[in-house]
Amino acid sequence: MANVNMSSGRKALLSKLATNDGHAENSPYFDGWKAYERNPFDASRNPDGVIQMGLAENQLCFDLIQEWLINNPQASICTAEGVDMFKDTAIFQDYHGLPEFRNAVAKFMGQVRRGVGKFNPDRIVMSGGATGAHELISFCLADRGDAILVPTPYYPGFDRDLCWRTGAQLLPVVCDSSNGFKVTREALEAAYIEAKEANIRVRALLITNPSNPLGTVLDRKTLRDIVSFINEKNIHLICDEIYSATVFGSQPSFISISEIIEEDQEICNHDLIHIIYSLSKDLGFPGFRVGIVYSYNDKVVECARKMSSFGLVSSQTQHLISSLLSDDEFVEKFLSESAKRLENRHQTFTDGLAQVGIRCLQSNAGLFVWMDLSHLLREKSFLAETDLWRIIINEVKLNVSPGSSFHCSEPGWFRVCIANMDEPTVEIALKRIRAFVVKGENAVVAPAKKKQCWQSQNTKLRLSFSFRKMDDLMMMSPHSPIPQSPLVQART
Amino acid sequence: MGMLSRKATCNSHGQDSSYFLGWQEYEKNPYHETLNPTGIIQMGLAENQLSFDLPESWIAENPDAAGFKRNGESIFRELALFQDYHGLPAFKNALVSFMSEIRGNKVNFDPSNIVLMAGATSANETLMFCLAEAGDAILIPTPYYPGFDRDLKWRTGAEIVPIQCTSSNGFRITSAALEEAYSAAQKRNLRVKAVLVTNPSNPLGTTMIKDELNLLVTFVIAKGIHLVSDEIYSGTVFSSPSFTSIVEVLAGRPDCQGSDVWDRVHVVYSLSKDLGLPGFRVGAIYSSNRAVVDAATKMSSFGLVSSQTQYFLSAMLSDKKFTSRYISENQRRLKTRHDSLVHGLKEAGIRCLESNAGLFCWVDMSHLLREKTFKAEIDLWKKIVYEVRLNISPGSSCHCTEPGWFRVCFANMTEETLELAMQRIKEFVASASSAILRGGCERRRGRRHPSSTDKSLGKKFLTKWVFRLSSSHLREADDR
C-alpha cells in the first residue's frame, strides 16, 4: 500500500487526543525503558547490558504456577482435558464475566486480606488490566476538567490512565520524606483548597495502597483520616490495591479500605468507595490483562459494567484464572511462599545497598524499593537528579526510575525494582552499584563537594578530606554496621 | 452520594434500545430443547456457532499451543509477562495473513500497520478517539448495528449522522444520500470527520458492490474526510458476489495512486464473527496512517488482547491447512443455514433481502404490520418476542428508515432449533392472517371465505390464502 507522509494540515483531520502528548510517553519514566531496550542485559549474551530495574514485575513465583498448570490441564480450554469447555468459553462475551471467574476473584481478594472483609462477586467488574480499570473509573466519576487528587510520589501511568481520554486532571497532594511520605490531613486539605481557589471541581482522591513507588502500606490512622476527609468533602475514594498480595513480613500488615469501612460502618458513605485491582503484580500475570473495578456504589457498578465492554478479559483467561484461584490450597501456599521470596529479595537488596551507605525508605511491600540517593546529588535539584539518573543508566547500566517521574517533591529518590530478575542478576546489580559508589569517591562527586565546604588552602589535603567526608556520608546509614568515623565526630 | 460523571448518568450507552430489551426478555425465559422447550429462541445474537468442531480438532492435534509450550518448552512465564502493546509479532503476522486469505490474497496487509484491541467494540471506539471528538460527526448508512451508538459516541463525544438508505434499491448507498447526510451534519453545526461502513453489512448481510465502494472513495476524496470500513464479517461471505475490500478498490483506482486518501482509510477487524470467538476479545485496527497507528497503539493499553489468547491464536492461524479448511467449510455451512432460514420464511410468506454474507437475514415483515409505522413495528416485535417466542431485532433499533424490517440470526443455534423457530413463525403468520381474514370477512361479507368443513383441508386452504394474502401485500411493498 502506498504510504504518503502527512502534512500538518492533514494532521488536523485527527482528533486532539491522537496528536497531543496526553499519553505521557515522553516522560523520563519511559526514557529508561528505551535505553534498556537498546541494550538489554543478558547473563550470557550481553553481560554488560542495561539491567532492567524500572519494571515492576513479579517474577519470583512462576515455578509454582507452572507446576500447578502441569497438574491441572483442564484449566486451559485448549488441552485434551479442557477442550470440552472450548465452545462455551469461546462464545462467552457477557460483560458480567464468567460467574466462576467473579467468584474466584472475590474469594482471592478476601484471602489476600486474610479473611478480613468479604467481597461480593456481583460487584466485580472486569477491565483491560489496572490501566483499563483506572480509565474506566475516571470516566464514571469525573467530567472533563474535573480533578482527582493524588498523593505524591505516584505511578507515572496515572497521568495517562486517568486523564488522557477522559479529560480529567490530577492534582498532587504533596508528601515528603519528613514523615516517610505519609499522607497527612493537612496535605489533603491544602490540595483541596488550592483546587477550590482555582475553581476546579474535585471529584475524587486516588490512593495506592500498598504504595507505588514507596512500597509502604498505609496505617490505620492514615486510612481513617483519608476516609473521613473524603466523606466530609463528599468526594470519591479510589483505592488502588494492586500490590495487596506483595506485602511481606508480619508488620505492618496490609489494611484494605474494605476493612476500614467494614469495621466502622458509620465512618463514611459507602457509595464513595471504589477499589481497583489486578492480577498483574500479585500473581505476575500482566500479559493476561486481568483488571478489576470493585465498587461499593451500585450505580457505578452498573455504569462500569457497561463500559467494561471496551476492555473485557478474554474468556479463555477468565477460565484459567477461575480454575487457578478456586484451588484454595494452592492459593494459600502461593501467597505465603510469594511473601517469603519477596521478603528475602528485599532483604538481600537493601542489605547490599546499606553496605555502600545507600538508604531506602523502610518498606515491606511492593516489587521495588524507594532508594535515597540525595547524598550523591551535586546539588539538591531535579536537574542534578536527572544528571545522576543518566549516569546510572549509561555508566552503571541500571534502568532505575527517577523520583521526578513520580512527581516526587524532593530530588534524589529513585524507585528500583527488584522482583523482576533472578538472584545472580541482583548480585550483579549490587556489584555495579558498589563499584559506582566507590568510583564516585574517586572522581565524579568529589569536585562538587570540594566547592561546598572546605576552607583549607592545601588542595591535596582538601581532596583527601573530601574522600574521607564522602566515605563517612556513605557509611552514615541506619543499616550500616560501621560506626561513624571519628573524623566526623571530631569536626562536629 | 458523590455525583457521578455525565457519561455515567446519561443513557447514550444505548442500552435502553429495544435491541437490548429483547436480550433481556430472552434471558428471563431462554429456550432449551429439553429444559425449556417453550422458551424464547435467541435469534437476536449474531454469533457463529456452526464450526467449533474445527478449532476443537485442531487443538486435539496440537497439544503444544494448548499447554503454553513451544517445541515442548514451557513459555508460560514469557506469555504471562508479555504486555507489550505492539502485540505478539507471531500473532500479528498470523492475523494479517488470515485477513489476506479471506480476501482471496488479492490484498497484502503489513503487520506493522495493525493495532490489536480487545474486540471490535474496543477497536471502533479507539479509532473514533483518534479521528473525532465532541463537535464532530461520523456518517453511517442505515440500517446499522445498534452497538455503534454506544461504541462510537458514548465516551468519545462524537455524533452519528445517518446516511439514509431505503429498500427501493436494496438499501445501497447513493450519492444523493451521502450528500444529504453531509448537509444534515453541517446544518447541525457538526464537522464531518468520517464515513463508517460495515462491509459485509450488519444487519443487511450483503457485501458492498464495487459501484458503492467507488462512490464512497470518490466522496471521501472530495470531502477530504476519513473512511472507516468495518470488515468483521468479511470471512462470512458464502456466495457471490465475492467480498471486495475497500483496500482493493483503492489499489485499483488511478486517482488514488500516491494520494493522501490512503492516510484516511482504515479497516476494523475482529475474530468474533469470522472465527466465532467473541469471548476471546480479539479486535484490530488496520491503517497505513502512521499517526493513527501510533496513537491507537498507545490507546490500546486500555484494552490489550490477553497474551494467552494471542499465543493460542498465533499458533492456530499460522496453520495454513487449518485456515483454508476453516474458511471454506465455515462458509459452506453458513450458506446451508442461510438457505434454510430463507426457505423456511418463504414458506410462511415472508421475504428476505437477498444476501450473501453475515450471520443473519434482513427480513421483510412489513406486510404483517397493521399500519406502516414504527409503533406498529414495535407492537409486532413484542408479539414475536412474547407470543411467538423468538428474539429477533426490530429494524428501528438499527435506525432503519422504513418500518417492518427485522434482523433474524441463523448461525447461533442447532438446525433443529432453527426448524422449530420456522415452525413457530409459520403458525404465527397463519393465525395472524386468519385473524386478518376473519376481520376481512366481516367487512367484505364472506367473499373469499373458505367453504370446506374438513378441518385439515380447511387448514391447507387457509395456508394457501395466507400465502396469497401475504404475497399481495408484498407486491404492494415492491411498488413503493
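Protein chains get the first letters and strands the later ones, always in sequence-line order, with residue 1 at the start of each.
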[X] portion near chain B, given a 4.5 angstrom heavy-atom threshold:
{"X": "A:F92", "answer": "backbone"}
{"X": "A:Q316", "answer": "both"}
{"X": "A:K16", "answer": "both"}
{"X": "A:D146", "answer": "neither"}
{"X": "A:I77", "answer": "both"}

For chain B, which candidate among [options] shows the most heavy-atom pairs at distances under 4.5 Å?
{"options": "A:C303, A:A168, A:S280", "value": "A:C303"}
{"options": "A:L136, A:V300, A:T166, A:L69", "value": "A:L69"}
{"options": "A:G291, A:P286, A:A133, A:G129", "value": "A:P286"}
{"options": "A:A304, A:C140, A:G311", "value": "A:C140"}
{"options": "A:T89, A:T317, A:L320", "value": "A:T317"}
{"options": "A:R165, A:H270, A:Q93, A:H134", "value": "A:R165"}

In terms of heavy-atom proximity below 4.5 Å to chain A, should [X] be classed as side chain, backbone, both, or neither?
{"X": "B:D151", "result": "both"}
{"X": "B:M117", "result": "neither"}
{"X": "B:A251", "result": "neither"}

Side chains of [X] and [Y], heavy atoms from C-beta outward: is any pair under 4.5 Å?
{"X": "B:H226", "Y": "A:L14", "result": "yes"}
{"X": "B:M3", "Y": "A:R203", "result": "yes"}
{"X": "A:L17", "Y": "B:C130", "result": "no"}

Fill in: Criterion side-chain contact (heavy atoms from CB on, under 4.5 Å) on A:F285 and B:Q308, from CA distance to verdict
CA-CA 10 Å; A:F285 294 164; B:Q308 179 193 15; over 6 Å; no

What distance do [X] atom [atom1] and [Y] atom [atom2] have between them, rounded to the nearest 0.5 Å?
{"X": "B:R155", "Y": "A:F139", "atom1": "CZ", "atom2": "CZ", "value": "4.5 Å"}
{"X": "A:M307", "Y": "B:K7", "atom1": "CE", "atom2": "NZ", "value": "7.0 Å"}
{"X": "A:T131", "Y": "B:L304", "atom1": "OG1", "atom2": "CG", "value": "7.5 Å"}
{"X": "A:F310", "Y": "B:E125", "atom1": "CZ", "atom2": "CD", "value": "4.0 Å"}
{"X": "B:L81", "Y": "A:N58", "atom1": "CG", "atom2": "CG", "value": "9.0 Å"}
{"X": "A:S309", "Y": "B:R150", "atom1": "OG", "atom2": "CZ", "value": "4.0 Å"}

Go through [options] and name the one with the most non-hydrogen pairs under 4.5 angstrom from chain A.
{"options": "B:S307, B:A80, B:S122", "value": "B:A80"}
{"options": "B:V292, B:V305, B:T309", "value": "B:T309"}
{"options": "B:A295, B:S5, B:A132", "value": "B:S5"}

Fill in: side-chain contact (heavy atoms from CB on, under 4.5 Å) between A:F62 and B:E78, worked out
CA-CA 10 Å; A:F62 281 122; B:E78 279 176 35; over 6 Å; no

Fill in: No-hydrogen, no-angle side-chain donor-acceptor test under 3.5 Å, B:R77 and A:Q66
no

Response to the item:
Correct closest heavy-atom pair for B:K193 and A:L13 would be NZ-O, 3.4 Å

Discussion item. Tell me whether A:S15 contacts the main-chain N or O of B:F129 through its side chain, where contact means a donor paired with an acceptor under 3.5 Å.
Written reply: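 Yes: the side chain of A:S15 pairs with the backbone of B:F129.
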
Item to complete: Before giving the answer on side-chain contact (heavy atoms from CB on, under 4.5 Å), spell out for B:L4 and A:H236 the whole-Å C-alpha distance, their side-chain angles and the decisive distance to 0.1 Å.
Response: CA-CA 9 Å; B:L4 301 192; A:H236 293 275; 3.9 Å; yes

Worksheet item: For A:D88 and B:F52, what are the C-alpha separation, side-chain angles and deciding distance, and is it a side-chain contact (heavy atoms from CB on, under 4.5 Å)?
Response: CA-CA 10 Å; A:D88 287 344; B:F52 279 115; over 6 Å; no

Worksheet entry | Set of residues satisfying salt bridge (charged side-chain N to carboxylate O under 4.0 Å, His left out) with respect to A:E81, sequence neighbours excluded | none

